[in-house]
Amino acid sequence: MNEQPAPTMLARAQHSISRKRISPGALRVMYTLHEAGFQAHLVGGAVRDLLLGGEPKDFDIATDARPEQIRQLFRNCRLIGRRFVIAHVRMGGEILEVTTFRGTGAGADPDDEVDREVDSSEGLILRDNVFGTMEEDALRRDFTVNALYYAVADFAVRDYATGLEDLEHRQLRLIGDPETRFREDPVRMLRAARLGAKLGFSIAGSTERPIGRLAPLLDAIPPARLLDEFQKLFLYGAGEKSYEELVRLRLFEHLFPSIGIDMDSGRPYADRLIRAALASTDARVAAGKSVTPAFLIAAFLWEPYQHMVAHLPEEREEAFGDAAEEVFREAGERVALPRRFSQVAREIWELQPRFLTNSPGRARRLLRHPRFRAAYDFLELRAVIDPVLAPVAERWERAQTVAPEDIDSLFRQVVAPRHDPAGSASEGDSAPAKRRRRRRRRKPDGAPAPVPAE
Ligand code: ATP
Ligand code: MG
C-alpha cells in the first residue's frame, strides 16, 4: 500500500518559511507529535500563505496519529465533527486544528473501520473518516496550492500535486478531475471564488469551466455550512472581491436567490448597496475594527425587504416586522441566519425611517438608541447610493458631534430628503414623505419602497 510517488521537495534552504512566522502553539503541537514518534506537518492555507509571504489566518496540522492518539498527547484536546473528525488542541490562547491523514480507502488497513458515506446519485461525500498516508491525504485536498506540507522533522516543504508550480503562476487548480471533485463537495466552488479573491489568484480554466453547470449543487448544502462560508467569504477583508467572483461565476444567486443579482437583467440597486457594505466591511477589517455579519445581512437583504414592504396590504408596525421575518425565513433556507444576526439586521432596518424625523426630542432618543451606530452606518451606505438621502445623513453626522443644546436648532429646520422631481435620479431608496402617493408609481424592479416615517 505504501508505493507512493515521491513528492517534489524543497529543502530548508530552498524556501522562505521561517519558524518565527509560525505561531508558538502550532510549533509546540508539532514538536509534541514528533517527539511521540508521529509525523507532524503544517498544511493547507498556512503553508501556502507563508510561501507567499503572507500572514496565515490559522495553522492547520496534519499527522499520522489517530484522533484517539492525539487526544492522549494533549491535555486540552477535543474531538469535533462528524463529517470529518478533527482534534482541536488548545495551546496558550490558540486553538489548533489537528487532523489525521485522510486516505482513499483502497488498500486500507483491514482493521480500520471504513467510515465514508457517499450520496451515490450526486457523488457527494457525506462523511469521510477513512485514514491513510500523507500522500493520499494530499490528493484529497481541494486545490494544489492547499496541498503543501511543511514538516518539523526536516523543515522541508513537500508537494504531491503541482502546488509549487501553481503557486508560482498564482493559480487555483483543483486536484484530480474537477467535476468529480466539485460533486464530492460543491462548497469547493465557493472556496475557489473566495481564495481567488483573497489571494488575487486566477482559477485554472479546467477548474473554472464546470462551475457554471454545477453551481446548482450548492442548493443541497446544509444552511449552517453555508453560513460558515458566508462569514469566511465576507468578513475577512476581501469581501467585495469575493462577491465579484461569486457574481461572475454565477454562484451568488445560489446563496441568496431572493436578492436576484443577475448580471443579465441587472438589479443595480441591490448590487450597489451590497458592494458598498462590503467595501466598508473590508475597510474596517483593514483598520483592525470589529465587523458583524448582522450589518452585512441588513445590506444584502434590504432590497428583498423593501420589495416585501412595498407589497404589504397595510402599513401597520407589525406588518413590517412580519415582512422582515419572512425575508429572513426565505433567505435562511439557503444560508442559515441565526436569530442573533437577523435580530440586529431587523433593528437596523426598523430605525431607518426614524432618521427622517424633524423632532429634536425624537432625534435625542434615537441618538441614545443602543443600535444607533449600526443604523447610522447603514443610513450612510444608503445615502452614498441614493443622493436624495445625503442631507439626512449629513444632519445625523453633525448630530453626533454638536453640543446637546444645538440638537434643537439642527432638527427644527426641515431637512427632508430631496425628491427628484423627475423621479428618476434615484433608483434606490426613495424617500418617505409622500410615500402613499408615490408607491403606486414605483418602478416594479429596482426602487425599494420607503419604510414609514414616524
Ligand atoms: P484560509 O486562509 O481561509 O484559512 P485555507 O485553505 O487554509 O484558507 P481552511 O478552510 O482553513 O482553508 O482549510 C484548510 C485546508 O483544508 C485547505 O487548505 C485544504 O487543504 C483543506 N480543505 C478545506 N476545505 C476543503 C474541502 N472542501 N475539500 C478539500 N479540502 C479542503
Ligand atoms: Mg486555513
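Each ligand, and each atom within it, is numbered from 1 in the order the structure gives.
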Heavy-atom side-chain proximity of F143 to L167 below 4.5 angstrom: no
Establish, yes or no, whether a centroid distance under 6.0 Å links the rings of F378 and F355. no
What atom name does the N, O or S atom of D58 nearest to the Mg ion (ligand 2) carry? OD1
Ring centroid separation F234 to Y243 under 6.0 Å: no
Residues with a heavy atom under 4.0 Å from ligand 1, by chain and number, are G44, G45, R48, D49, K57, D58, D60, R140, R141, D142, N146, D185, R188, R191, R194, L195, K198, R225, K232
Quick check against the 3.5 Å criterion: does T63 have a side-chain atom that pairs as donor or acceptor with the backbone of Q39? yes
Looking at R188 and D142, does any basic side-chain N land under 4.0 Å from a carboxylate oxygen? no
Mark yes or no for whether Q400, through its side chain, and W396, through its backbone, hold a donor-acceptor pair below 3.5 Å. yes
With a cut-off of 2.8 Å, does D60 put an N/O/S atom close enough to the Mg ion (ligand 2)? no
For the backbone of V43 and the side chain of H41, can you confirm whether one donor and one acceptor N or O come within less than 3.5 Å of each other? no
